[in-house]
S.K.: 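Got a structure for you, written out below as structure tokens; questions coming shortly.
FYI, side chains are in, hydrogens and waters are out, and symmetry mates aren't considered; it's all heavy atoms of this structure. In what follows, chains carry the letters A, B, and so on, assigned in the order in which the sequence lines appear, proteins first and then strands, with residues in each chain numbered from 1.
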4 protein chains.
Amino acid sequence: MGTSGRVGRPPAGNSEETRRLILRAARERFARDGYRATTNKLIAADVGITPTAIYHYVDSKAALYAAVYCDTIDRVYTEFEQAASAESHLLARFSAVLRRANELQIADPSIAGFIVAVAQETQRHPDLLALLRPQRGRHQRFFGGLVAEAAAAGELQPDVDQAGLSDLLGAVLTGLARMANVAGDPSRYTAAVDALERFFDGTLVTTR
Amino acid sequence: MGTSGRVGRPPAGNSEETRRLILRAARERFARDGYRATTNKLIAADVGITPTAIYHYVDSKAALYAAVYCDTIDRVYTEFEQAASAESHLLARFSAVLRRANELQIADPSIAGFIVAVAQETQRHPDLLALLRPQRGRHQRFFGGLVAEAAAAGELQPDVDQAGLSDLLGAVLTGLARMANVAGDPSRYTAAVDALERFFDGTLVTTR
Amino acid sequence: MGTSGRVGRPPAGNSEETRRLILRAARERFARDGYRATTNKLIAADVGITPTAIYHYVDSKAALYAAVYCDTIDRVYTEFEQAASAESHLLARFSAVLRRANELQIADPSIAGFIVAVAQETQRHPDLLALLRPQRGRHQRFFGGLVAEAAAAGELQPDVDQAGLSDLLGAVLTGLARMANVAGDPSRYTAAVDALERFFDGTLVTTR
Amino acid sequence: MGTSGRVGRPPAGNSEETRRLILRAARERFARDGYRATTNKLIAADVGITPTAIYHYVDSKAALYAAVYCDTIDRVYTEFEQAASAESHLLARFSAVLRRANELQIADPSIAGFIVAVAQETQRHPDLLALLRPQRGRHQRFFGGLVAEAAAAGELQPDVDQAGLSDLLGAVLTGLARMANVAGDPSRYTAAVDALERFFDGTLVTTR
DNA sequence: CATGAATGAGACTTCATTCAT
DNA sequence: CATGAATGAAGTCTCATTCAT
């Protein structure tokens with residue numbers, strides 16, 4: 001396929017960009033179709049190259065997944081950390097993270113779609129796990145840190161199970177991201193976050 | 001009748017039970033490995049039959065998925081409706097549903113795993129959608145109903161976006177189920193739900 | 001590609017024969033073209049089936065090679081042992097083995113071609129080694145036994161290096177088989193064996 | 001001149017040496033792994049260049065094989081002729097050739113490995129044949145010559161089949177070389193040749 | 001002289017599915 | 001009701017080779 005129909009090196013030295021294009025296309029496919037259903041052929045078609053060309057940039061499909069993973073996870077949690085650091089209380093921080101997640105999702109829906117799926121994919125294809133080590137655990141580290149800081153600051157009742165709370169926050173974020181992703185409509189995410197914040201404010205339910 | 005009753009000739013073969021075994025094995029595989037990675041061969045091996053034998057019970061792999069879907073979704077939302085009907089306020093009902101979901105998950109983890117994945121699978125394999133019609137939308141109907149009833153009962157501030165709230169509740173449930181499923185440890189689900197209820201109670205955070 | 005152009009089970013239950021046909025075709029290809037250059041497609045074409053059908057009989061190409069190996073090696077050395085047992089002195093036994101090898105080669109040239117190549121193939125594709133264990137070492141055992149018996153019978157000078165002699169006999173057989181195989185003309189094998197026997201007789205060279 | 005002499009500008013690049021390195025690496029790979037399994041990438045890695053660079057020295061993989069062939073065959077048979085010319089009787093000449101072959105094998109095992117495999121490789125990849133013409137037949141010419149000279153000198157009984165004897169000598173040499181190559185242990189070659197010479201001497205077997 | 005990007009052909013293998021038994 | 005033989009489509013990956021730089 002290619003662009004000119006002939007073999008050989010293409011006129012322009014677009015190597016670095018091709019790599020970026022491959023990673024992007026791969027993330028979109030992995031997010032939408034899952035690891036298994038994503039084929040090299042589809043990714044290559046998205047980029048406008050031959051399936052074999054992918055092997056100049058990564059060693060295997062699994063390595064491609066890993067490359068996308070490292071790229072993405074780093075970017076997302078860096079953004080989350082930034083968003084959280086702008087606030088000082090747990091709920092406000094969590095709200096800020098939810099909003100930042102929404103912005104990311106609007107900017108590139110495949111980011112959330114990819115991350116939400118990572119846990120399942122690694123469960124289904126354990127051979128991926130080995131390649132993901134570097135960034136593994138960052139999710140838990142982030143929410144665990146958020147809760148631990150709140151506890152240290154005396155924001156939480158002393159008998160609160162911090163692990164449970166950390167899991168809860170993570171689950172709410174993931175659940176919302178998943179919902180928006182499946183719905184394909186970011187405005188539903190926004191509306192759900194609004195409802196959540198009204199709950200935080202106490203302006204959601206009339207009686208308790 | 002025929003299975004529990006005593007009148008008449010009992011079925012020669014174990015046809016009906018084989019069907020149940022196939023559906024169960026399929027749900028477990030679909031939940032754990034996903035639609036694509038689940039093969040007829042694996043399901044058949046779990047049941048102790050040949051892959052071809054599956055075609056006596058369903059027309060295709062997609063139809064098998066649909067059969068599992070209808071079975072499962074009906075069971076789950078029937079349970080949810082039952083759990084909700086035992087309470088009278090929104091948050092209490094939601095709590096009851098969360099707890100019932102946990103019981104289901106403990107009883108058979110593949111139920112939650114399967115349901116959590118449905119939305120993604122249908123996105124990834126649109127040909128499944130047609131077969132899922134009958135029960136489609138039951139999720140939204142359930143949570144929409146919950147919120148609508150609360151609104152009708154005056155439990156909610158009048159300007160609350162009901163759709164957003166409904167999405168939020170669904171997302172929290174799904175996020176928690178997903179987390180527990182991935183973790184493979186139901187106790188983390190329980191702990192997270194505990195944290196959520198303390199939040200409802202107002203005994204989670206010290207300041208608001 | 002099949003015989004009728006349609007999928008499904010063929011009319012006749014020729015399973016066992018198909019298996020034999022596959023093994024035979026595989027041996028011929030492995031002997032003529034080598035392990036690497038032999039493709040499932042070629043073997044299947046020889047048999048008149050689809051490449052995929054091969055996987056009903058063996059698990060992989062390597063397993064197919066192993067199956068051919070066990071089949072063939074057993075047959076050959078059984079014949080050799082039989083031929084040797086009909087004589088009582090080392091050189092006569094060796095001659096008998098050479099003649100029997102020639103008969104085998106005429107009956108089915110792929111037998112010799114395959115065996116001659118085994119050592120190189122296993123060197124080149126070490127993953128084959130594991131599958132070949134059962135019959136491995138039969139070559140050395142056979143020639144070692146021949147020499148040991150001659151020594152025990154006092155046929156050899158006491159200071160003869162038995163291992164060296166055993167290697168020599170094996171090498172001569174293999175060298176001859178290889179030559180005939182490459183030449184594709186069994187009569188050259190016969191002529192060379194004739195020369196060798198004249199040498200044994202002392203009627204080859206005039207002076208020594 | 002240019003490489004050993006001191007006059008004139010030394011070649012800027014190391015072109016000629018790179019060529020030699022490529023041929024050497026190729027011979028080793030061809031000998032060990034066979035034509036098919038030897039890849040340009042492996043050869044290039046051995047030399048420390050890129051696969052593409054090989055195409056500056058040869059036109060194709062097949063041409064590379066041919067180049068190695070001509071190089072090697074010429075060297076070997078030149079040595080053999082030299083060794084043979086130092087003796088005057090057939091068996092002594094053959095012994096000398098066997099010993100010289102052993103020396104070559106010790107000096108560079110890939111030489112024997114390559115040559116032993118040539119016949120099979122050309123059978124398997126007939127497209128190589130065309131490229132090998134120049135030196136083709138040198139093997140037969142050499143052993144044919146050896147036998148013809150012995151016959152002319154009256155060393156052989158007049159009714160001996162010269163072609164058969166020539167094939168026999170070639171087969172013994174090849175069989176031994178192959179054995180040593182597969183065993184990876186030149187001492188076994190030596191021991192086998194010792195046994196052969198004791199046979200020539202009449203000091204191997206006690207009775208005939 | 002050498003590299004890096006890219007290609008097309010083809011290899012092995014898996015899978016859902018079908019048909020005769 | 002169930003099996004076993006077989007198929008065609010498709011997927012991942014390797015390789016020799018080419019062209020522009």
S.K.: Could you check which residues of residues 120-129 of chain D get a heavy atom under 4.0 Å from DNA chain F? Sort them by number, please.
M.R.: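 None, since no heavy atom is under 4.0 Å.
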
S.K.: Along nucleotides 9-15 of chain E, 5' to 3', which nucleotides get a B, which get an S, and which get a -, given that the test is a protein heavy-atom distance under 4.0 Å?
M.R.: B-SSBBB

S.K.: Output the rounded distance in Å from CD (Glu16(A)) to P (dG4(E)).
M.R.: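 Going from Glu16(A) (CD) to dG4(E) (P), I get 14 Å.
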
S.K.: Is the phosphate of dA6(E), meaning OP1 or OP2, less than 4.0 Å from a side-chain N or O of Tyr57(A)?
M.R.: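 The answer is yes; a side-chain N or O of Tyr57(A) sits under 4.0 Å from OP1 or OP2.
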
S.K.: To the nearest angstrom, how far is Ile54(A) atom CD1 from dA5(E) atom P?
M.R.: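 One finds 15 Å between P of dA5(E) and CD1 of Ile54(A), rounded.
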
S.K.: Quick one: salt bridge (charged side-chain N to carboxylate O under 4.0 Å, His left out) pairs with a partner in residues 32-57 of chain D, sequence neighbours left out?
M.R.: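 Qualifying pairs, neighbours excluded: Arg29(D)-Asp33(D), Arg29(D)-Asp46(D).
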
S.K.: Considering residues at least two apart in sequence or located in another chain, which fulfil the side-chain contact (heavy atoms from CB on, under 4.5 Å) criterion with Ala45(B)?
M.R.: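 Partners of Ala45(B) by the side-chain contact (heavy atoms from CB on, under 4.5 Å) criterion come out as none, since no residue qualifies.
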
S.K.: Could you tell me if the side chain of Ile54(C) sits less than 4.5 Å from the side chain of Ile43(C), heavy atoms only?
M.R.: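 Of all side-chain heavy-atom pairs linking Ile54(C) with Ile43(C), at least one is under 4.5 Å.
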
S.K.: With sequence neighbours left out, write down each residue that passes salt bridge (charged side-chain N to carboxylate O under 4.0 Å, His left out) with Glu28(D), or none if nothing qualifies.
M.R.: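 Glu28(D) satisfies salt bridge (charged side-chain N to carboxylate O under 4.0 Å, His left out) with no other residue.
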
S.K.: Should Thr50(C) be listed as having a side-chain N or O under 4.0 Å from OP1 or OP2 of dA9(F)?
M.R.: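 Checking Thr50(C) against dA9(F): no side-chain N or O falls below 4.0 Å of OP1 or OP2.
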
S.K.: Between dT3(F), dA6(E), dA6(F), which one does the side chain of Ala53(B) approach most closely?
M.R.: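 My answer, after comparing the listed nucleotides, is dT3(F).
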
S.K.: Tell me the interatomic distance from Ile43(D), atom CD1, to dA2(E), atom C1', rounded to whole angstroms.
M.R.: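 Between C1' of dA2(E) and CD1 of Ile43(D): 17 Å.
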
S.K.: Is Thr39(D) reaching over with its side chain to a backbone N or O of Leu42(D), donor-acceptor style, under 3.5 angstrom?
M.R.: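 Present.
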
S.K.: Taking side-chain contact (heavy atoms from CB on, under 4.5 Å) as the definition, give me every residue that meets it alongside Ser60(B), ordered by chain and number, with sequence neighbours left out.
M.R.: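 Scan of Ser60(B) (side-chain contact (heavy atoms from CB on, under 4.5 Å), adjacent residues dropped) gives Ala62(B), Ala63(B).
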
S.K.: Can you list the residues that meet the side-chain contact (heavy atoms from CB on, under 4.5 Å) rule with Tyr55(A), with sequence neighbours excluded?
M.R.: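 Testing Tyr55(A) for side-chain contact (heavy atoms from CB on, under 4.5 Å), a comparison that skips the adjacent residues, returns Asn40(A).
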
S.K.: Using atom CD1 of Ile49(A) as one end and atom C1' of dA5(E) as the other, report the distance to the nearest whole Å.
M.R.: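 Checked: the CD1 to C1' distance equals 10 Å.
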
S.K.: Take the protein atom CG of Leu21(B) and the nucleotide atom C1' of dC1(F), then report the distance between them rounded to whole Å.
M.R.: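 My rounded result for the distance is 15 Å.
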
S.K.: In whole angstrom, what separates His56(D)'s NE2 from dA2(E)'s C1'?
M.R.: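 Spelled out: NE2 on His56(D) to C1' on dA2(E) is 5 Å.
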
S.K.: Can you name the residues that form a ring-ring contact (aromatic ring centres under 6.0 Å, His included) with Phe114(D), not counting sequence neighbours?
M.R.: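 Once residues adjacent in sequence are excluded, the partners of Phe114(D) under the ring-ring contact (aromatic ring centres under 6.0 Å, His included) criterion are Tyr65(D).
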
S.K.: Under the side-chain hydrogen bond (donor to acceptor under 3.5 Å, both in side chains) test, which residues partner Ser110(C), sequence neighbours left out?
M.R.: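 Scan of Ser110(C) (side-chain hydrogen bond (donor to acceptor under 3.5 Å, both in side chains), adjacent residues dropped) gives Arg27(C), Asp108(C).
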
S.K.: For the pair made of CG in Asp33(D) and P in dT14(F), what is the distance, rounded to whole Å?
M.R.: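 So the CG-P distance, Asp33(D) to dT14(F), works out to 16 Å.
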
S.K.: Sorted by first residue and then second, give each salt bridge (charged side-chain N to carboxylate O under 4.0 Å, His left out) pair with at least one member in residues 113-130 of chain C; sequence neighbours left out.
M.R.: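 Matches after skipping sequence neighbours: Glu121(C)-Arg124(D), Arg124(C)-Glu121(D).
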
S.K.: Identify all stems in which DNA chain E takes part, counting only runs of at least 3 consecutive pairs (Watson-Crick or G-U wobble, each distance under 3.5 Å), and give each as one range with another, ordered by first number.
M.R.: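 Counting only runs of 3 or more consecutive pairs, the stems involving DNA chain E are E:2-21 with F:2-21.
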
S.K.: I'd like to check the side-chain contact (heavy atoms from CB on, under 4.5 Å) partners of Leu23(D); sequence neighbours left out, ordered by chain and number.
M.R.: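 Partners of Leu23(D) under the side-chain contact (heavy atoms from CB on, under 4.5 Å) test: Arg19(D), Leu64(D), Ala67(D), Val68(D), Asp71(D).
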
S.K.: Tell me the interatomic distance from Glu17(A), atom CD, to dA5(E), atom P, rounded to whole angstroms.
M.R.: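 Whole-Å distance recorded here is 14 Å.
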
